[in-house]
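Only one structure is covered here, and it is reproduced in the block below.
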Amino acid sequence: MPKLADSDLLQAHVATLAASPLAPWAALAPWALPSQAPAIVRRLLAALPAVDYAIDGDVAVHRSATVEPGAVLKGPLVVGPGCFIAAGAYLRGGNWLDARCSIGPGAELKSSFVFAGTALAHFNFVGDSVLGAGVNLEAGSIVCNHRNERAAKEILVRGADGTLRPTGCEKFGALVGDGARIGANAVIAPGALLAPGRVVARASLLDQEIAP
């Protein structure tokens, strides 16, 4: 991917961003969007038509979505049309789900924005991330959001020029481009920028802080 300004990264990875409810925040750096997730989701929720959504406090579920008994939905949260939330799923910390997303059993989603048709199969964790449209996470794959292994917690991202840059955030998982595929039991280390269509092998570690 060519060198891009931080303000262009979201739109370069998510083709439908500019036409989505998140368009007002399209110029944010990818790591800045999840850090503001609760406030952003509350704003989106306030604009929803009650005729289309069942709204309970700061949780809004589209009337065409399916939420199985045993799922835990913590607000602020917007679940879009045709979504499926399985028993045992856990959503917290401010999440927005576009249409036809699937959050499988045992999957946890925290402070993230998920675009249309994306699926967390089962037993996944995705924290402080932006997932483009049509992304698939196979069983057990993880998007980490915190550098627990070192004293300096600030997340670094590797730019197109190969250099590591600070984000000013201590929690940021990944920006995952449209159509990416993350294999079963793969681990995405914090600060990843995955180009559209990227395939991550099963049982692998992707840590972009490590130089190629």
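Numbers here simply count residues along the sequence, with the first being 1. Hydrogens, waters and symmetry mates are skipped; everything else that's a heavy atom, side chains included, is used.
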> Does Phe84 share a hydrophobic cluster with Val78, counting links as ILVMFWY side-chain heavy atoms below 4.5 Å and allowing steps through other members?
Replying inline: no
> Any link between Val143 and Phe123 through a network of hydrophobic side chains (Ile, Leu, Val, Met, Phe, Trp, Tyr) touching at under 4.5 Å?
Replying inline: no
>> Run Arg92 and Glu108 through salt bridge (Lys or Arg N to Asp or Glu O under 4.0 Å) and show every step you take.
In response: CA-CA 8 Å; Arg92 65 181 177 92; Glu108 179 179 353; 2.6 Å; yes
>> Contact between Ile40 and Leu33 at the side-chain level, heavy atoms closer than 4.5 Å - yes or no?
In response: yes
>> Looking at Asp98 and Gly117, would you say the former's side chain and the latter's main chain have a donor-acceptor pair under 3.5 Å?
In response: no
> Taking all atoms of both residues into account, what is the closest heavy-atom pair of Gly179 and Val135, and its distance?
Replying inline: N-CG2, 4.0 Å
> Are any side-chain N or O atoms of Ser7 and backbone N or O atoms of Leu28, one a donor and one an acceptor, separated by less than 3.5 Å?
Replying inline: no
>> Between Ser111 (side chain only) and Asp128 (backbone N and O only), is there a donor and an acceptor less than 3.5 Å apart?
In response: no
>> I need the minimum non-hydrogen distance between Arg147 and Pro190, along with the two atoms involved.
In response: NH2-O, 3.3 Å
> Which heavy-atom pair separates Ala195 from Ala180 by the least distance, and what is that distance?
Replying inline: O-CB, 4.5 Å
> Got a donor-acceptor contact below 3.5 angstrom from the Ser129 side chain to the Ala174 backbone?
Replying inline: yes
>> Treating Glu68 as the side-chain partner and Ala87 as the backbone partner, does any N or O pair qualify as donor plus acceptor under 3.5 Å?
In response: yes
> Just by modelled atom types, is the Leu77 backbone N or O under 3.5 Å from a matching donor or acceptor in the Asn95 side chain?
Replying inline: no
> Val41 and Gly94: which non-hydrogen atoms are nearest, and at how many Å?
Replying inline: CG2-C, 4.0 Å
> Which atom names give the shortest non-hydrogen contact between Tyr53 and Pro81, and what distance separates them?
Replying inline: OH-CD, 3.9 Å
>> If I take atom CG from residue Asn185 and atom OG from residue Ser141, how far apart are they, to the nearest 0.5 angstrom?
In response: 8.0 Å
>> Does Lys153 have more than 12 heavy atoms from other residues, nucleotides or ligands lying within 6.0 Å of its NZ?
In response: yes
>> Between Ile188 and Leu175, is there shared hydrophobic-cluster membership here, with clusters defined by ILVMFWY side-chain heavy atoms closer than 4.5 Å?
In response: no
> Would a 4.5 Å heavy-atom cut-off, applied to side chains only, mark His62 and Asp52 as touching?
Replying inline: yes
> Quick one: does His13's side chain get under 4.5 Å of Val130's, heavy atoms only?
Replying inline: no
> Ignoring hydrogens and geometry, is there a side-chain-to-backbone donor-acceptor pair from Ser204 to Ala186 under 3.5 Å?
Replying inline: no
> Same cluster for Val61 and Leu45 if Ile/Leu/Val/Met/Phe/Trp/Tyr side chains link at under 4.5 Å?
Replying inline: no
> Going from SG on Cys83 to CG on Leu97, what distance comes out if it is rounded to the nearest 0.5 angstrom?
Replying inline: 5.0 Å
>> Ignoring hydrogens, what is the shortest heavy-atom contact between Ile55 and Ala60? Give both atom names and the distance.
In response: CG1-CB, 3.9 Å
>> Rounded to the nearest 0.5 Å, what separates atom CG in Leu193 from atom CZ in Phe172?
In response: 5.5 Å
>> Less than 4.5 Å apart, side chain to side chain, heavy atoms only: is that true for Leu9 and Trp31?
In response: yes
> Between Thr167 and Ile155, is there a donor-acceptor pair closer than 3.5 Å when you use the side chain of the first and the backbone of the second?
Replying inline: yes
> Are the side chain of Ser20 and the backbone N or O of Ala18 linked by a donor-acceptor pair below 3.5 Å?
Replying inline: no
> Hey, what's the ring geometry for Phe115 with Trp96, parallel, tilted or perpendicular (30° and 60° as the breaks)?
Replying inline: perpendicular
> Is there a donor-acceptor pair closer than 3.5 Å between any side-chain N or O of Asp178 and the backbone N or O of Gly132?
Replying inline: no
> Should Leu10 and Trp25 count as side-chain neighbours, where that means a heavy-atom distance under 4.5 Å?
Replying inline: no
>> Whether the Tyr90 and Lys110 side chains hold a donor-acceptor pair (N or O, under 3.5 Å, no angle test) is what I'd like checked.
In response: no
> Atom CD in Glu170, atom OG in Ser35: separation rounded to 0.5 Å?
Replying inline: 12.0 Å
>> Working to the nearest 0.5 angstrom, can you tell me the gap between Arg158 CZ and Arg165 CZ?
In response: 11.0 Å
>> Before you tell me yes or no, could you show the steps for Val176 and Thr118 under side chain to side chain contact (heavy atoms under 4.5 Å, CB included), namely the whole-Å CA-CA distance, both residues' side-chain angles and the distance that decides it to 0.1 Å?
In response: CA-CA 11 Å; Val176 181; Thr118 284; over 6 Å; no
> Given side chains that start at C-beta, do those of Leu131 and Leu137 come closer than 4.5 Å, heavy atoms only?
Replying inline: yes
> If two hydrophobic side chains count as joined below 4.5 Å and joins carry through other members, does Leu44 share a cluster with Val79?
Replying inline: no
> Got a second to check how far Arg181's CZ is from Leu194's CG, nearest 0.5 Å?
Replying inline: 12.5 Å
> For Asp58, which residues count as a side-chain hydrogen bond (donor to acceptor under 3.5 Å, both in side chains) partner, sequence neighbours excluded?
Replying inline: none
> Under 6.0 Å from the CG atom of Asp207, do we count more than 12 heavy atoms belonging to anything else shown?
Replying inline: yes
>> Using the side-chain contact (heavy atoms from CB on, under 4.5 Å) definition, which of the options Ile85, Val72, Val114 pairs with Leu91?
In response: Ile85
